[in-house]
Amino acid sequence: MAAEPTAQQLTAQHRPTLDRALEAIHTRAYWSPHPEHPKAYGENGSLDLAAGKAAFDALLGTRLDLGQPGTDDWVGGETSPYGVELGVSYPHADLDVLLPAMRAGMRAWRDAGAETRAMVCLEILKRISDRTLEFAHAVMHTSGQAFMMAFQAGGPHAQDRGLEAVAYAYAEQVRTPDTAEWTKPQGKRDPLALTKRFTPVPRGIGLVVGCNTFPTWNGYPGLFASLATGNAVLVKPHPRAVLPLALTVQVARQVLAEAGFDPNLVALAAERPDEGIAKALATRPEIRIVDYTGSTEFGDWLEANARQAQVYTEKAGVNTVVVESAGDYKGMLANLAFSLSLYSGQMCTTPQNLLIPRDGITTDQGPKSFDEVVADLAQAVDGLLGDDTRAAGLLGALVNPGVKDRLEAAGGLGEVALASRAITHPEFPDAVVRTPVIVKLDGAKPDAEAAYMSECFGPVSFAVAVDSATDAAELLRRTVREKGAMTVGAYTTSPEFEEQVREVCLEEAAQLSLNLTGGVYVNQTAAFSDFHGSGGNPAANAALTDAAFVANRFRVVEVRQEA
């Protein structure tokens with residue numbers, strides 16, 4: 001049996017990684033300690049892939065006992081979007097027992113200090129990374145992501161975001177020294193002298209309200225930001241995506257216990273079908289931090305009602321791409337086709353509205369009318385998804401029936417430029433797999449505005465005809481200001497129009513991608529370099545990850561005495 005790690009051992013193992021992460025968030029250069037290819041996990045190539053699948057299969061139909069206090073029932077009911085019934089059951093908590101138990105370990109966790117907390121968090125991430133292939137299947141079969149996306153987004157990219165949050169949390173806590181000797185001259189009298197001690201103190205218990213589509217990628221920043229700043233963390237997963245976060249809690253509790261801390265610093269709050277415990281949890285006095293990803297309606301409710309807590313929300317927005325002109329028309333079409341298709345558009349960063357002047361655009365292949373641009377984009381999507389096996393690997397499965405309903409209703413909102421079609425998944429025939437729909441709308445018509453000014457989550461895009469490029473920029477401004485946007489894209493060869501769009505995004509606090517034609521897409525962000533959301537428009541009140549995301553999870557308390 002392996003010896004339990006000491007604080008010194010954890011520091012020796014993980015301090016170099018933390019230092020590299022601290023460097024990366026300052027330089028914003030590319031860096032990741034987590035490989036992006038499955039064969040990097042283990043030494044046996046395809047055998048390790050099989051072992052990851054076997055580890056996931058071994059979880060099916062089991063009871064995941066986390067050893068939490070206050071367990072009063074066992075709950076479950078997850079069914080994979082691919083048609084597999086998971087059959088895993090999880091502890092249901094009596095919160096009046098669990099929450100006090102979570103608070104009991106916070107004093108020792110606070111007193112451990114910022115560096116020890118960071119090292120324990122990095123050990124948790126290391127243990128999760130070691131099980132990446134298992135986690136990939138858990139993410140795939142709760143979110144509907146195709147395996148490679150579930151592996152990358154749910155594994156290394158999520159772990160990167162967790163590490164990023166730890167780095168920011170550490171940097172903010174050590175910004176203030178532990179002690180200071182303060183001396184104030186008093187002329188001929190003896191100087192005033194004080195010894196001052198400064199301690200980062202946690203707010204209390206943090207609540208992470210998980211989402212269905214990206215349970216780890218969206219869950220890890222808040223979880224690790226709160227834990228690294230001394231708070232206990234209660235994880236409330238989406239009822240259709242419990243397993244990835246339950247496994248995360250399992251790993252965290254094991255590492256905390258081995259490092260000599262109370263494992264109840266991290267706990268799971270699974271719920272019965274239709275129990276809906278998020279509102280009750282979020283407003284309990286013990287909950288002092290809330291991290292939430294999901295619908296605007298519930299995010300707004302949390303911001304208005306969880307008044308005792310610091311609330312961080314990532315909600316919905318209407319992401320927009322403005323097409324004014326194109327220096328690489330073919331590259332633009334390919335890039336947009338991939339962006340619209342990836343994970344069936346079930347990303348908070350996927351473009352929805354494509355604003356195109358009704359008189360057309362200039363390109364390196366000559367002038368293109370509005371109808372030609374839309375038709376060429378439809379053809380690019382069709383070409384990308386023409387092979388059903390390739391399409392299934394890119395699209396994944398629709399995460400819930402609501403997405404399918406919106407997709408089917410979208411065709412009635414305008415002229416369909418690209419119809420959606422059903423695809424039979426080669427491995428999972430019960431999966432609901434659909435290609436994107438592109439609908440043409442006239443931006444000047446009020447009935448069209450009702451469609452393109454609302455979020456239509458899923459593989460639905462609107463090609464909106466506008467009177468001019470200037471009108472496109474103003475519609476972009478209004479969309480971001482009124483509805484919010486996680487991402488904005490623009491294609492232009494005009495320096496003047498580029499500056500116009502840039503200014504709109506700076507004024508409305510929207511993250512902008514310009515003229516992407518290669519292997520980077522508007523709906524992808526890289527940890528340590530890109531900010532996910534800005535916190536400055538209605539789509540989100542926080543950014544992943546910046547100093548503001550971590551700094552208010554703790555306060556600095558001063559104790560001073562005469563020297």
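Counting begins at 1 with the first residue of the sequence. Computed from a prediction, not measured in an experiment: that's the story for all the values here.
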| request: Check for a donor-acceptor pair, side chain of Asp57 on one end and backbone N or O of Leu60 on the other, with a separation under 3.5 Å. | output: no
| message | Does Asp130, at its CG atom, have more than 12 non-hydrogen atoms belonging to other residues, nucleotides or ligands within less than 6.0 Å? | response | yes
| task | Fit a plane to each ring of Tyr220 and Phe224, take the angle between them on a 0 to 90° scale, and name the class: parallel (under 30°), tilted (30 to 60°) or perpendicular (over 60°). | result | perpendicular
| When you measure from the side chain of Tyr343 to the backbone N and O of Ser143, does any donor-acceptor pair fall under 3.5 Å? | yes
| Within 45° of the six-membered ring axis of Trp74 and under 6.0 Å from that ring's centre, is NZ or CZ of Arg63 located there? | yes
| Does a salt bridge link Glu258 with Arg127, judged by any charged N lying under 4.0 Å from a carboxylate O? | yes
| message | I'd like to know if the side chain of Thr525 and the backbone of His532 have a donor-acceptor N/O pair within less than 3.5 Å. | response | no
| query | Name the one of Leu247, Leu64, Val242, Val75 that satisfies side-chain contact (heavy atoms from CB on, under 4.5 Å) with Val88? | reply | Leu64
| Are Lys196 and Glu181 ion-paired here, with the side-chain N under 4.0 Å from a carboxylate O? | no
| query | Within the distance-only criterion (no hydrogens, no angle test), does the side chain of Gln145 pair as donor or acceptor with the backbone N or O of Thr213 below 3.5 angstrom? | reply | yes
| Check: Thr313/Glu303 side-chain N/O donor and acceptor closer than 3.5 Å | yes
| said: Has Asn319 got a side-chain atom pairing as donor or acceptor with Cys348's backbone, closer than 3.5 angstrom? | reply: yes
| remark: Rounded to the nearest 0.5 Å, the NE2 atom of His92 sits from the CG atom of Leu268 at a distance of 10.5 Å
| query | Yes or no on salt bridge (charged side-chain N to carboxylate O under 4.0 Å, His left out) for Asp111 and Arg117, after CA distance, side-chain angles and deciding distance? | reply | CA-CA 10 Å; Asp111 292 347; Arg117 287 194 296 270; over 6 Å; no
| request: Would you kindly say whether Ser32 and Asp160 are connected by a side-chain donor-acceptor distance under 3.5 Å? | output: yes
| message | I'd like to know if the side chain of Asp94 and the backbone of Asp72 have a donor-acceptor N/O pair within less than 3.5 Å. | response | no
| said: Taking Arg103 first and then Asp262, would you say they form a salt bridge - that is, a charged N and a carboxylate O separated by under 4.0 Å? | reply: no
| message | So does Thr6 get a backbone contact from the side chain of Gln9, meaning a donor-acceptor N/O pair under 3.5 Å? | response | yes
| task | Please report the closest heavy-atom contact between Ala540 and Glu314, naming both atoms and the distance. | result | CB-CA, 3.9 Å
| said: Less than 3.5 Å apart, any donor N or O on the side chain of Ser513 or Tyr521 sitting next to an acceptor on the other? | reply: no
| field | Stepwise ring-ring contact (aromatic ring centres under 6.0 Å, His included) check, Phe549 with Tyr312 | value | CA-CA 8 Å; Phe549 185 70; Tyr312 300 90; 5.3 Å; yes
| message | Under a 3.5 Å distance rule, please check whether Glu286 uses its side chain to pair with a backbone N or O of Leu99 as donor and acceptor. | response | no
| Parallel, tilted or perpendicular: which describes the rings of Phe147 and Phe151, with under 30° parallel and over 60° perpendicular? | parallel
| query | For Thr142 and Glu78, does a side-chain donor sit closer than 3.5 Å to a side-chain acceptor? | reply | no
| Do the side chains of Leu342 and Asn523 get nearer than 4.5 Å, heavy atoms only? | yes
| With the threshold set at 4.0 Å, does a side-chain nitrogen-carboxylate oxygen contact exist between Lys39 and Asp48? | no
| said: Between Thr545 and Glu164, is there a side-chain donor-acceptor contact under 3.5 Å, judged purely by atom types and distance? | reply: yes
| field | Side chains of Leu163 and Leu122 in contact at under 4.5 Å (non-hydrogen atoms) | value | yes
| Just checking, is any N or O donor in the side chain of His14 or Glu123 under 3.5 Å from an acceptor N or O on the other one? | yes
| task | For the pair Phe56 and His137, name the ring-plane relationship: parallel under 30°, tilted 30 to 60°, perpendicular over 60°. | result | parallel
| message | What I want to check is whether the side chains of Asn264 and Gln68 have a donor and an acceptor closer together than 3.5 Å. | response | no
| note | For Lys315 and Asp300 the tightest heavy-atom approach is NZ-OD1, 2.8 Å
| query | Okay, side chain of Arg203, backbone of Ala309: is any donor-acceptor separation there less than 3.5 Å? | reply | no
| request: Indicate yes or no: does Asp291 engage Arg553 in a salt bridge with an N to O separation below 4.0 Å. | output: yes
| task | Verify the distance criterion only: is there a donor paired with an acceptor across the side chains of Arg28 and Ser529 at less than 3.5 Å? | result | no
| request: Inspect the contact between Arg272 and Asp73 and indicate whether a charged nitrogen and a carboxylate oxygen are less than 4.0 angstrom apart. | output: yes
| field | Phe214 to Gln346 - nearest heavy-atom pair and separation | value | CE1-O, 3.7 Å
| message | Would you say Ser339 and Gln524 are linked by a side-chain donor-acceptor pair, where the criterion is simply a distance under 3.5 Å? | response | no
| field | Side-chain (Ser341) to main-chain (Phe338) donor-acceptor, under 3.5 angstrom | value | no
